[in-house]
**Q** 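Structure incoming, see below.
Source: prediction; values computed, not measured.
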Amino acid sequence: MKVLVTGGAGFIGSHVVQNLVKSGHDPVVADNLCTGSLEFVEKDVPFYKVDITTPKIETVFAKERPDAVIHLAAQVDVAYSIQDPAGDARQNILGTIQLLANSQRFDVKKFIFSSSCAVYGKQDDVSIDETFPVNPLSYYGISKYSSEMYIKAFNSLHQLPYTILRYANVYGPRQSTKGEGGVISIFAQKVLQGIPPFIYGDGEQTRDFVFVKDVGEANVLSLNSGTNETFNIGCNTKTSINELYQSISKLSYKNIHPIYTQARSGDILHSRLNNSKAKSFLDWEPKYDLQSGLTETLNYYLNTNEKGSFGA
Ligand SMILES: NC(=O)c1ccc[n+]([C@@H]2O[C@H](COP(=O)([O-])OP(=O)(O)OC[C@H]3O[C@@H](n4cnc5c(N)ncnc54)[C@H](O)[C@@H]3O)[C@@H](O)[C@H]2O)c1
């Protein structure tokens, strides 16, 4: 299948492209490289340096005629969204609309969207499924949820088939220290450099960490299943920031004490996604637990610094 991957030079997008190639699909990447890197794009995969919010994106559709679109390109920084809500909306909402209009025009058979657990807002210390009420606490969460609504309207008005994937905190090789859920890349890189990282609040807040290769797999499975459905993509596990830091310290054989500082306003205390719907509809299950995912991630950061190997 010919698949246009927007944001395919980014952290998650580049893994999606790798999974597509491995599964025998034919990906094409469109990315403006604002946070992504050409080095992350698989060799021989056609690449277009283009901003999805500009009319130029139409030329990519016209030339490539993709069967499916996997849309990951976005402004992913929650803090930026709070400083510049209009800028966030321009990238995330208008960018998505532009892609939907082109997908309709060029008869795309499946539109797969990277949404986020940020659409849910405040949760208790329990795992939540897709029926949990949405109540985004940031403009980023609002722009993700608005995009979901446009996707559903394009489906009901123009029969454009879709799958929406709401990710938990994604981590793994190539993640930058900015944007959503970068806590693992920040801890890993600081620990490597022997610099104590900050922990905001008491570190007892919990998150559901999902490895990027599992997220790549969920996108590939969505090409042929889960049509017109929304799925949580997480591990349904909770890890406190303190536990996470201990695991990273242990795997890296480093004993650096973190610096505890004031909790950040707007940070949610707990987040955990029930993934049973993705298991039954997409036949998707995370293959990596935190230990194996962290080992791969730490090795990546270590190798990019050419220093040796983490973990057992
Ligand atoms: N990382 C997470 O934990 C997480 C969690 C939930 C959802 N998501 C979503 O997953 C997607 C990928 O996120 P990521 O973590 O890989 O971030 P990333 O910044 O690494 O990737 C985004 C990519 O999109 C490109 N891009 C941004 N704006 C663009 C534009 N206007 N036109 C063309 N290209 C553009 C960037 O250059 C980059 O390559 C995003 O939609 C994000 O909202 C990420």
Side-chain angles (χ1 to χ4, degrees), residues 11-12 74 76-82 114-145 148 164-172 175 177-188 190 197-212 214-215 218 230-251 258-279 284-286 288-294 297:
F11 160 52
I12 302 174
V76 302
D77 191 335
V78 175
Y80 168 85
S81 84
I82 291 164
S114 288
S115 188
S116 166
C117 59
V119 301
Y120 293 122
K122 194 169 179 299
Q123 302 149 40
D124 290 328
D125 189 7
V126 289
S127 91
I128 58 167
D129 69 17
E130 294 82 355
T131 62
F132 190 82
V134 289
N135 185 20
L137 300 175
S138 67
Y139 302 122
Y140 169 79
I142 294 173
S143 68
K144 284 287 163 185
Y145 189 59
E148 290 191 11
I164 293 168
L165 304 175
R166 291 177 177 163
Y167 306 148
N169 287 64
V170 188
Y171 71 99
Q175 185 167 32
T177 49
K178 290 190 188 145
E180 260 212 75
V183 61
I184 290 181
S185 58
I186 294 169
F187 281 178
K190 292 263 186 205
F198 287 111
I199 290 184
Y200 298 97
D202 64 4
E204 286 307 301
Q205 61 272 43
T206 63
R207 295 290 181 269
D208 183 359
F209 293 104
V210 60
F211 192 57
V212 68
D214 284 326
V215 174
T230 300
F231 299 101
N232 283 343
I233 299 296
C235 293
N236 201 2
T237 53
K238 63 170 189 176
T239 305
S240 76
I241 299 302
N242 288 329
E243 287 166 339
L244 173 72
Y245 189 69
Q246 279 157 19
S247 300
I248 291 177
S249 301
K250 207 165 146 203
L251 280 170
I259 300 166
Y260 285 86
T261 185
Q262 220 179 6
R264 287 182 297 197
S265 68
D267 262 2
I268 53 170
L269 264 186
H270 302 289
S271 175
R272 176 153 58 112
L273 298 185
N274 180 321
N275 56 17
S276 25
K277 188 176 172 191
K279 280 184 186 167
W284 175 84
E285 210 164 5
Y288 285 80
D289 62 11
L290 189 62
Q291 196 73 7
S292 52
L294 277 182
T297 307

**Q** Starting at CD1 of I12, measure out to CD1 of I233 and round the result to the nearest 0.5 Å.
**A**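 So the CD1 of I12 and the CD1 of I233 are separated by 11.0 Å.
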**Q** Can you measure from NE2 (H270) to OG (S127) and round to the nearest 0.5 angstrom?
**A**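 These two atoms lie 13.5 Å from each other.
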**Q** Where do L137 and G121 come nearest, in terms of heavy atoms and distance?
**A**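 Heavy atoms of L137 and G121 come nearest at CG-CA, 3.8 Å.
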**Q** Can you list the residues that meet the ring-ring contact (aromatic ring centres under 6.0 Å, His included) rule with Y139, with sequence neighbours excluded?
**A**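 Not a single residue meets the ring-ring contact (aromatic ring centres under 6.0 Å, His included) criterion with Y139.
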**Q** Which distance, rounded to the nearest 0.5 Å, do you find between the OG1 of T239 and the CZ of R272?
**A**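 Rounded to the nearest 0.5 Å, the OG1-CZ separation comes to 9.5 Å.
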**Q** With heavy-atom distances below 4.5 Å as the criterion, would you say the side chains of R166 and V119 are in contact?
**A**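 Yes, side chains in contact.
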**Q** Holding to salt bridge (Lys or Arg N to Asp or Glu O under 4.0 Å), I want the full list of residues that pass it with E204, two or more places apart in sequence or in another chain.
**A**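 Testing E204 for salt bridge (Lys or Arg N to Asp or Glu O under 4.0 Å), a comparison that skips the adjacent residues, returns none.
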**Q** What residues, two or more places apart in sequence or in another chain, satisfy salt bridge (Lys or Arg N to Asp or Glu O under 4.0 Å) together with K190?
**A**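 Scan of K190 (salt bridge (Lys or Arg N to Asp or Glu O under 4.0 Å), adjacent residues dropped) gives none.
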**Q** Under the salt bridge (Lys or Arg N to Asp or Glu O under 4.0 Å) rule, what pairs show up with a residue in residues 238-249, not counting sequence neighbours?
**A**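 Qualifying pairs: D125-K238.
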**Q** Hey, are the side chains of W284 and D214 touching, using non-hydrogen atoms and a 4.5 Å cut-off?
**A**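 In contact.
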**Q** For the side chain of N275 and the backbone of G234, is there at least one donor-acceptor N/O pair under 3.5 Å apart?
**A**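 Yes: the side chain of N275 pairs with the backbone of G234.
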**Q** Sequence neighbours excluded, which residues qualify as salt bridge (Lys or Arg N to Asp or Glu O under 4.0 Å) partners of K250?
**A**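 Not a single residue meets the salt bridge (Lys or Arg N to Asp or Glu O under 4.0 Å) criterion with K250.
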**Q** Can you name the residues that form a ring-ring contact (aromatic ring centres under 6.0 Å, His included) with F11, not counting sequence neighbours?
**A**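 F11 satisfies ring-ring contact (aromatic ring centres under 6.0 Å, His included) with no residue once adjacent residues are dropped.
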**Q** Could you state the interatomic distance from OG (S116) to CG (L273), rounded to the nearest 0.5 Å?
**A**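 Those atoms lie 8.5 Å apart.
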**Q** Closest heavy-atom contact between Y140 and V76?
**A**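 Between these two residues, the closest heavy atoms are CE1-CA, 3.8 Å.
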**Q** State whether the side chain of Q175 and the backbone N or O of T297 hold a donor-acceptor pair below 3.5 Å, judged by distance alone.
**A**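 Here the side-chain-to-backbone pair does not exist.
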**Q** Who passes ring-ring contact (aromatic ring centres under 6.0 Å, His included) against Y288, sequence neighbours left out?
**A**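 With sequence neighbours excluded, Y288 shows a ring-ring contact (aromatic ring centres under 6.0 Å, His included) to F211, given in chain and number order.
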**Q** Tell me if a side-chain donor or acceptor on K277 pairs with a main-chain N or O of T230 at a distance below 3.5 Å.
**A**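 Yes; at least one donor-acceptor contact below 3.5 Å.
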**Q** Would Q205 and I268 count as a side-chain contact (heavy atoms from CB on, under 4.5 Å) here? Give the steps.
**A** CA-CA 8 Å; Q205 61 272 43; I268 53 170; over 6 Å; no
**Q** Which residues pass the side chain to side chain contact (heavy atoms under 4.5 Å, CB included) test with F132, not counting sequence neighbours?
**A**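 Per chain and number, F132 pairs via side chain to side chain contact (heavy atoms under 4.5 Å, CB included) with Y120, Q123, I128.
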**Q** Would you check if there is a donor-acceptor pair between the side chains of N274 and S276 at a distance under 3.5 Å?
**A**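 Checked: S276/N274 side chains pair up, N/O donor to acceptor below 3.5 Å.
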**Q** Counting distance only, does the side-chain N/O of D208 pair as donor-acceptor with the main-chain N or O of C235 below 3.5 Å?
**A**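 Yes, the answer is positive, given that a donor and an acceptor are paired below the 3.5 Å cut-off.
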**Q** About how many Å separate CZ of F187 and CG of L294, when rounded to the nearest 0.5 Å?
**A**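 Answer rounded to 0.5 Å: 11.0 Å.
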**Q** Could you tell me whether a side-chain N or O of N242 sits under 3.5 Å from a main-chain N or O of G203, the two making a donor and an acceptor?
**A**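 Present.
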**Q** Atom CZ of residue position F198 - does it have more than 12 heavy atoms of other residues, nucleotides or ligands inside 6.0 Å?
**A**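 No, CZ of F198 has 12 or fewer neighbouring heavy atoms, counting only those of other groups under 6.0 Å.
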**Q** Got a sec, which residues hit ring-ring contact (aromatic ring centres under 6.0 Å, His included) with Y145, two or more places apart in sequence or on another chain?
**A**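 Result, ring-ring contact (aromatic ring centres under 6.0 Å, His included) vs Y145: none returned.
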**Q** Does a side-chain heavy-atom distance below 4.5 Å link K122 with N135?
**A**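 The answer is no, as the side chains (C-beta and beyond) never meet within the 4.5 Å cut-off.
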**Q** With S81, which residues qualify under side-chain hydrogen bond (donor to acceptor under 3.5 Å, both in side chains), at least two apart?
**A**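 In terms of side-chain hydrogen bond (donor to acceptor under 3.5 Å, both in side chains), with neighbours along the sequence ignored, S81 is linked to no residue.
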**Q** Does T131 have any side chain to side chain contact (heavy atoms under 4.5 Å, CB included) partners at least two apart in sequence or in another chain, and if so, which?
**A**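 So T131 forms a side chain to side chain contact (heavy atoms under 4.5 Å, CB included) with D129.
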**Q** Tell me, please, which residues at least two apart from E130 pass salt bridge (Lys or Arg N to Asp or Glu O under 4.0 Å).
**A**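 Checked E130 against salt bridge (Lys or Arg N to Asp or Glu O under 4.0 Å); zero matches.
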**Q** Ignoring hydrogens and geometry, is there a side-chain-to-backbone donor-acceptor pair from K144 to S114 under 3.5 Å?
**A**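 Between the backbone of S114 and the side chain of K144 there is a qualifying donor-acceptor contact (under 3.5 Å).
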**Q** Please tell me if the side chains of L290 and T237 come closer than 4.5 Å, counting only heavy atoms from C-beta onward.
**A**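 Sidechains of T237 and L290: no contact.
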